[in-house]
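A short worksheet on the structure shown next.
Just the heavy atoms: all of them, side chains too, but no hydrogens, waters or symmetry mates, feed the values below. Everything numeric in this text was worked out from a predicted model, so none of it was measured.
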Amino acid sequence: MPELPEVETIRLELQDEIIGKEIKSVDVLSKKQFFGNPKTLTGKKIKKVDRTGKIINILLNDGTFINIHLKLTGQILFAPDMSHAVFKNIIPFTATNQMPCKTTRIIVYFKDGSGFFFNDLRKFAWMKINTHPEGPKSIDVLSPDFTLDYFQKTVTSSKRPIKILLMDQEKMAGIGNIYANEALFIARISPERRTNSLNENEIKNLYEAIKQVIREGIKYKGSSAADEAYITPKGKKGEMQNHFRVYQKEGQKCPKGCGGIVKRIKQGGRSSFFCPNCQS
DNA sequence: CTGCGGTCCTGAAGGC
DNA sequence: TGCCTTCAGGACCGCA
């Protein structure tokens, strides 16, 4: 699922390809996933590609925006030539490498013959024409405003299990299931710990661990695990899945060599992976 | 404020 | 083989 590192990778690649381009037309194949009238986009130019949390905000030359949330299985695939769009990598949840494919929901064409496909198996992802950027009101964990002080205040003002808090986009933006699990493992904190039980040192370690895994995720261009749809706009898989410590490692030995076995539990309906031996 | 369960959606995987 | 159930999960909503 795209979390901050995946969405940031998508943003960077998309920005390289589409800045300055003029929209020729937009085809909406799945109406429930598109908000606004796609016809009004014709003739507008791409000025900027920004991101807040997991939401991409594309600024147009008239000051309006296209907001995109990829949710669980959304993909954006850029094609220099839309009439012969083929992506070489195996793309999860698609029957073919030819675009459009059966999960293609929206197609954006540029005047120069290029464009991008918005694919999404589960139809949770959306695109929206808007007068303003969209995104959680909290602080993006990549922002300089995401300080240790902010993190400490957020953590100590809650009693929820720490993992639930990390994934709460209204408290801090960008962390999803993968990076929450990985950060807690690095900091040696159990996902079940109540936030107000963490001491100053643990909070600091966790803060550093979050920054570390997010940077790592971006460095490896996101994670494309076996059952994930994530792929970059240029059709490449991420590499972060090769560096997972505990995520999807149930039953395996703790990578710290402590002798523990990675355990899987359910929290808030989602899987948590951790080493019960060295995370407490 | 917090938590819980249902909802959206589709395809893969497991059980019998 | 084949049908049926379960699972996957980000965000949101209604309700306790």
Residue-phosphate contact under 4.0 Å: A/Tyr230 side-chain N/O, C/dG10 OP1/OP2
no
Roughly how many Å is it from NZ in A/Lys128 to C1' in C/dC12, rounded to a whole number?
12 Å
If I take atom CG in residue A/Asn67 and atom P in nucleotide C/dG10, what distance separates them, rounded to the nearest angstrom?
20 Å
Phosphate oxygens OP1/OP2 of C/dA11: is one of them under 4.0 Å from a side-chain N or O of A/Lys54?
yes
Can you tell me the distance, in whole Å, between the CG atom of A/Asp168 and the P atom of C/dG10?
13 Å
Starting from P on B/dC9, measure out to NZ on A/Lys31 and report it in whole angstrom.
16 Å
Closest to the A/Leu121 side chain: B/dG11, C/dG9, C/dG10?
B/dG11
Check whether any side-chain N or O of A/Ser158 sits under 4.0 Å from OP1 or OP2 of B/dT2, and answer yes or no.
yes
Touch class at under 4.0 angstrom, heavy-atom based, for A/Gln169 against every strand present:
sugar-phosphate
Using atom CD1 of A/Ile68 as one end and atom P of C/dA11 as the other, report the distance to the nearest whole Å.
16 Å
Going from OG1 on A/Thr52 to CZ on A/Arg11, what distance comes out if it is rounded to the nearest 0.5 angstrom?
10.0 Å
Taking the six-membered ring for Trp and the single ring otherwise, decide whether the centroids of A/Tyr179 and A/Tyr247 are under 6.0 Å apart.
no
On the 0 to 90° scale, with breaks at 30° and 60°, tag the A/Phe117-A/Phe87 ring pair as parallel, tilted or perpendicular.
perpendicular
Of C/dG10, B/dG3, B/dC9, the nucleotide closest to the side chain of A/Arg122 is B/dC9
Base, sugar-phosphate, or nothing: which does A/Asp120 touch, judged by heavy atoms less than 4.0 Å apart?
nothing
Which nucleotide wins on minimum distance to the side chain of A/Lys32, given the candidates B/dG3, B/dT10, B/dC8?
B/dC8
Evaluate the ring planes of A/Phe116 and A/Phe110, with Trp represented by its six-membered ring, and classify them as parallel (under 30°), tilted (30 to 60°) or perpendicular (over 60°).
tilted
Integer-rounded Å distance: B/dC4 P and A/Met167 CE
14 Å
Could you tell me how far apart A/Leu72 (CG) and B/dT7 (C1') are, to the nearest whole angstrom?
13 Å
Respond yes when some side-chain nitrogen or oxygen of A/Arg160 is under 4.0 Å from OP1 or OP2 of B/dC1, and no when none is.
no
Please work out if A/Pro136 contacts a base, only the sugar-phosphate, or nothing of the nucleic acid, heavy-atom cut-off 4.0 Å.
nothing
Could you state the CG-C1' distance from A/Leu70 to B/dC9, rounded to the nearest angstrom?
16 Å
Under 4.0 angstrom between A/Thr103 side-chain N/O and B/dT10 OP1 or OP2:
no
Under 4.0 Å, counting only non-hydrogen atoms across every strand here, what does A/Tyr179 touch: a base, just sugar-phosphate, or nothing?
nothing
Rounded to the nearest 0.5 Å, what separates atom CD1 in A/Ile10 from atom NZ in A/Lys54?
12.5 Å
Considering only C/dG10, B/dT2, B/dT10, which nucleotide approaches the side chain of A/Lys123 most closely?
B/dT10
Closer to the 5' end of DNA chain C via nearest nucleotide, is it A/Lys266 or A/Glu170?
A/Lys266
Does A/His69 have a side-chain nitrogen or oxygen under 4.0 Å from the phosphate oxygens OP1 or OP2 of C/dG10?
no
A/Thr64 and A/Asp62: side-chain donor and acceptor closer than 3.5 Å?
yes
